[in-house]
**Student:** 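Provided herewith is a single structure, encoded as C-alpha cells, for subsequent inquiry.
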Amino acid sequence: MPEGHLIHRVADDHQIFVGATVKVRSPDGRFMFGAEELDSQTLQSVDAWGKHLLYQFKPKTLHIHLGLEGSIRFRKAHTLHEDQRARLLVQDERTGDSFLLYNPLHCELLSSFARKDLIRRLGPDLLRPDADPEITWTLMQRSQAGLGEFLLDQSCISGIGNIYRSEILFLLRMHPHRRAGSLTREEFDTLWRLAADLLEVGRHHNAIITASPKRLGKPREQMHRSERVLVYRKRECPDCGALLTVERIANRTAWFCERCQSG
DNA sequence: TATGTATGGTAAG
DNA sequence: TTACCCTACATAA
C-alpha cells in the first residue's frame, strides 16, 4: 500500500527502535542469512528515502522496499504471535516490542557503498527537509517526458506514486501529457509545494487524503475512503461532472479531466 | 468460487 | 515495451 507518505510514517514510528539491541529472525526462511548477520546488533538509525526504508546497523544497512504488496505490522511486547509467513521479525530486546515484514519487494543488506549508490540514484524526496528542488527543476527543464510520466520517475522526484500523480495533476489543473519541460519556474514551485503538502498530510493521517475537508464539511478523520481522493479511480470530474479520461501512462493507470486539466 | 485489478519495480526481449 | 512477481482485495457470478 505504499507511496512515500506511508514509508516516512513507518520511519517516524520506528524511531522507537533506534538505540535498541535487536533480535532478528526470518520466520519464512527467505532472509535467513541476513537475519543471522543482524541478530544482536544495535540499530543506529531509521531513515526513509522516497519509497525506501533504511535501517542502519554497523557496518551494513537493512534495505526494505515494500513494492506493491508489502506491509509492515507493529507488535506490542508479549503479544506472542509466531507468524511463519513473515519475511522478517525485528524485536527490541529492551521493551519486547517488535515489527514484522510481509511480502516485500526487497529485503536485503547493503554495504555502505551500495547504500550511497541507492540514494544517489533517487531524486529529491519531497518529505525530507534536506530535499533540493533545484535538482528536480533542472531535470524537469531537460525532460522530454510528459508530466504524468515525470512525476512517477523516482530518479527525478521521489515519493510520489500512482494515486498522488493523478490527484496532484488534477489539483494543479495540468494535463498529464503536457511536457514537463514546458513548466515555468512559478508553476514548478507551485507543484513542488503542493506535492510536499499533500504527502505531509498523508504522512500525518496515515492515508492519502487530497480532498478538502472544508468542501466536504467534515474533518479528515471522518472522511470515507471514497471521499478522500478526487479523481483516482473515479468516473466523473468532481468539478465539471464530465467523464474522466482513463489512460495508461508510464505503465500505470491515470485518471484526468480533459476539460478542467487543459493547461 | 471465479475473476480482475493493483498505492511498485525489475529484467528480459 | 512486455512479462513477471505471486498477495490482497473488491466485485461479479
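Quick caveat, the model's predicted, so the values are computed rather than measured. Letters A, B, ... are given to chains in the order of the sequence lines, protein chains preceding strands, and every chain is numbered from 1.
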**Student:** For a quick check of understanding: with a heavy-atom distance under 4.0 Å over all strands, which category does A:Tyr232 fall into, base, sugar-phosphate or nothing?
**Tutor:**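 Sugar-phosphate only.
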**Student:** Keeping the roles fixed (side chain from A:Gln44, backbone from A:Thr42), state whether a donor-acceptor pair exists under 3.5 Å.
**Tutor:**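 Checking the backbone N and O of A:Thr42 against the side chain of A:Gln44, a donor-acceptor pair under 3.5 Å is found.
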**Student:** Assess whether a salt bridge exists between A:Asp189 and A:Arg185, defined as any Lys/Arg side-chain N lying under 4.0 Å from an Asp/Glu carboxylate O.
**Tutor:**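 Looking at A:Arg185 together with A:Asp189, the answer is yes, because their closest N to O distance falls below 4.0 Å.
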**Student:** Once you round it to whole Å, what is the distance between C1' of B:dT7 and CG of A:Leu199?
**Tutor:**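 Rounding to the nearest Å, CG of A:Leu199 and C1' of B:dT7 are 12 Å apart.
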**Student:** Less than 4.5 Å apart, side chain to side chain, heavy atoms only: is that true for A:Thr210 and A:Arg228?
**Tutor:**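 The answer is no, as the side chains (C-beta and beyond) never meet within the 4.5 Å cut-off.
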**Student:** Given atom CG of A:Asn206 and atom C1' of B:dT7, what is their separation to the nearest angstrom?
**Tutor:**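 Rounded to whole Å, this separation is 13 Å.
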**Student:** Is A:Arg178 salt-bridged to A:Glu187, cutoff N-O under 4.0 Å?
**Tutor:**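 Answer for the salt bridge query: yes.
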**Student:** Measure the distance from CG on A:Asp153 to P on B:dG8 and round it to the nearest whole Å.
**Tutor:**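 These atoms are roughly 13 Å apart.
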**Student:** How long is the line joining NE2 of A:His106 and C1' of C:dC5, in whole Å?
**Tutor:**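 Checked: the NE2 to C1' distance equals 11 Å.
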**Student:** To the nearest Å, give me how far apart CG (A:Leu68) and P (C:dC6) are.
**Tutor:**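 To the nearest whole Å, that distance equals 13 Å.
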**Student:** Can you identify which nucleotide, out of C:dC6, C:dT7, B:dG9, has its nearest atom closest to the A:Arg30 side chain?
**Tutor:**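 Selected nucleotide (nearest to the side chain): C:dC6.
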**Student:** With pairs taken as Watson-Crick or G-U wobble and both distances under 3.5 angstrom, which stems of at least three consecutive pairs involve DNA chain B?
**Tutor:**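 So the stems come out as B:1-6 with C:7-12, B:8-12 with C:1-5.
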**Student:** Would a distance-only check, ignoring hydrogens and angles, find a side-chain to backbone donor-acceptor pair under 3.5 Å from A:Asn162 to A:Thr253?
**Tutor:**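 Looks like yes, one N/O pair under 3.5 Å.
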**Student:** How many Å lie between CD1 on A:Ile163 and P on B:dT5, as a whole number?
**Tutor:**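 Distance, rounded to whole Å: 17 Å.
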**Student:** Can you check whether A:Thr253 has a side-chain N or O nearer than 4.0 Å to OP1 or OP2 of B:dA6?
**Tutor:**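 Answer yes for this pair, as a side-chain N or O of A:Thr253 is under 4.0 Å from OP1 or OP2.
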**Student:** Take atom C1' in C:dT1 and the same atom in B:dT7, then report the distance between them in whole Å.
**Tutor:**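 Here C:dT1 and B:dT7 have their C1' atoms 23 Å from each other.
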**Student:** State whether A:Asp97 and A:Lys76 are salt-bridged, where the test is any N-O pair (Lys NZ or Arg NE/NH1/NH2 against Asp/Glu carboxylate O) under 4.0 Å.
**Tutor:**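 Salt bridge flag = yes for A:Lys76 with A:Asp97.
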**Student:** Touch check for A:Arg228, heavy atoms < 4.0 angstrom, all strands: base, sugar-phosphate only, or nothing?
**Tutor:**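 Nothing, no nucleic acid heavy atom in range.
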**Student:** Select one nucleotide: of B:dG9, B:dT7, C:dC6, the one nearest the side-chain heavy atoms of A:His65.
**Tutor:**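 Nearest to the side-chain atoms of A:His65, counting from C-beta on, is B:dG9.
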**Student:** Answer yes or no: does a side-chain N or O of A:Arg252 lie under 4.0 Å from OP1 or OP2 of B:dA6?
**Tutor:**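 For A:Arg252, the contact criterion (side-chain N or O under 4.0 Å from OP1 or OP2 of B:dA6) is not met.
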**Student:** Without swapping roles, check the side chain of A:Gln41 against the backbone of A:Glu37 for a donor-acceptor pair under 3.5 Å.
**Tutor:**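 Present.
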**Student:** Provide the distance between the two P atoms, one in C:dA3 and one in B:dG4, to the nearest whole Å.
**Tutor:**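 Each nucleotide's P atom is 16 Å from the other's.
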**Student:** Nearest-Å distance, CG (A:Asn162) to P (B:dT5)?
**Tutor:**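 It is 15 Å, rounded to the nearest whole Å.
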**Student:** Once you round it to whole Å, what is the distance between C1' of C:dC6 and CG of A:Asp28?
**Tutor:**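 Distance check: A:Asp28 CG to C:dC6 C1' gives 14 Å.
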**Student:** Students often get this wrong, so: under 4.0 angstrom with heavy atoms, is A:Arg233 touching a base, only sugar-phosphate, or nothing?
**Tutor:**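 Here A:Arg233 touches the backbone only, sparing every base.
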**Student:** Within less than 4.0 Å of OP1 or OP2 of C:dA8, is there a side-chain N or O belonging to A:Asn103?
**Tutor:**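 A:Asn103 to C:dA8 OP1/OP2: side-chain N or O found under 4.0 Å.
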**Student:** Which nucleotide wins on minimum distance to the side chain of A:Glu69, given the candidates B:dA6, B:dT7, B:dG9?
**Tutor:**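 Given the options B:dA6, B:dT7, B:dG9, the side chain of A:Glu69 is closest to B:dA6.
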**Student:** Can a side-chain donor-acceptor contact be found between A:Asp125 and A:His8 if the only test is distance below 3.5 angstrom?
**Tutor:**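 A:Asp125 and A:His8 do have a side-chain donor-acceptor pair below 3.5 Å.
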